[in-house]
Structure formats: C-alpha cells, structure tokens
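Quick caveat: nothing in here was measured; it's all calculated off a predicted structure.
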Amino acid sequence: MPYAFEKRIMAHLAERRAASGRVLWTRGFWRAAVSCMALAAVCGAVSFFTPVVADNGNDLSQEFENTLLASVDQADNTP
C-alpha cells in the first residue's frame with residue numbers, strides 16, 4: 001500500500017456529499033420508466049405475434065346472462 005493511502009481514501013469519502021432526496025427519487029423514477037417501457041414492449045410484441053383464434057360463434061354476453069339467470073329459469077319451469 002502506498003504511504004497514507006487510507007487517509008486519502010477517507011478524505012475523499014468525507015468530501016463526498018450525500019445524495020439529496022430529490023436525486024434519489026429521480027433515479028428511481030427513471031429506472032421505473034425504463035422497466036415499464038420494456039414491459040410494455042414485451043406485452044405489445046406478445047399480443048402482436050400471438051395467432052388470432054377464430055370465433056366459434058359463442059357470444060360471451062349470452063353465456064354470462066344464462067349463467068346468472070340459470071336458477072331463475074329453473075324455478076319458472078317447475079309445475
């Protein structure tokens with residue numbers, strides 16, 4: 001080790017200012033923005049390259065209504 005190496009390093013560490021809260025928030029937001037853009041690009045690519053499934057004629061709204069009203073329809077059909 002060079003002469004007074006430890007003292008020079010400790011002096012540099014003492015000179016170094018602590019990052020302010022605004023700087024830390026800015027760094028965090030930029031990292032979040034980059035990761036969100038990457039996630040959006042991946043989701044867009046998946047939706048673009050996923051093959052389209054042909055519609056088989058089932059209407060989801062009709063199936064939903066039939067499921068919700070199944071108990072009502074059964075009560076009306078009993079003599």
Side-chain angles (χ1 to χ4, degrees):
M1 292 286 190
Y3 178 73
F5 177 74
E6 180 183 353
K7 288 184 181 183
R8 286 184 289 178
I9 296 297
M10 295 305 286
H12 283 293
L13 290 177
E15 288 176 1
R16 189 174 167 194
R17 289 187 290 168
S20 67
R22 193 166 61 182
V23 171
L24 295 175
W25 277 99
T26 304
R27 287 180 190 164
F29 282 139
W30 273 111
R31 288 178 183 163
V34 170
S35 62
C36 287
M37 288 178 61
L39 181 64
V42 168
C43 289
V46 166
S47 68
F48 185 74
F49 291 114
T50 302
V52 177
V53 178
D55 188 17
N56 57 3
N58 293 337
D59 187 14
L60 182 62
S61 65
Q62 288 297 318
E63 290 180 17
F64 183 70
E65 185 176 342
N66 290 339
T67 303
L68 286 178
L69 299 175
S71 63
V72 175
D73 290 338
Q74 289 177 354
D76 289 341
N77 292 337
T78 55

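Residues passing the side chain to side chain contact (heavy atoms under 4.5 Å, CB included) test with Leu68 are Phe64, sequence neighbours excluded. Applying the side-chain hydrogen bond (donor to acceptor under 3.5 Å, both in side chains) test to Ser61 and every residue at least two apart in sequence or in another chain returns Asp59.
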List the atom pairs, with distances to 0.1 Å, where a side-chain N or O of residues 35-50 and a protein N or O form a donor-acceptor pair under 3.5 Å, not counting sequence neighbours.
unit_1: Ser35; atom_1: OG; unit_2: Arg31; atom_2: O; d: 3.3
unit_1: Ser35; atom_1: OG; unit_2: Ala32; atom_2: O; d: 2.9
unit_1: Ser47; atom_1: OG; unit_2: Cys43; atom_2: O; d: 3.3
unit_1: Ser47; atom_1: OG; unit_2: Gly44; atom_2: O; d: 3.0
unit_1: Thr50; atom_1: OG1; unit_2: Val46; atom_2: O; d: 2.3

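The environment of Glu63 atom CD is dense: over 12 non-hydrogen atoms of other residues, nucleotides or ligands sit within 6.0 angstrom.
Counting Ile, Leu, Val, Met, Phe, Trp and Tyr side chains that sit under 4.5 Å apart, directly or through other members, Phe29 shares a hydrophobic cluster with Trp25.
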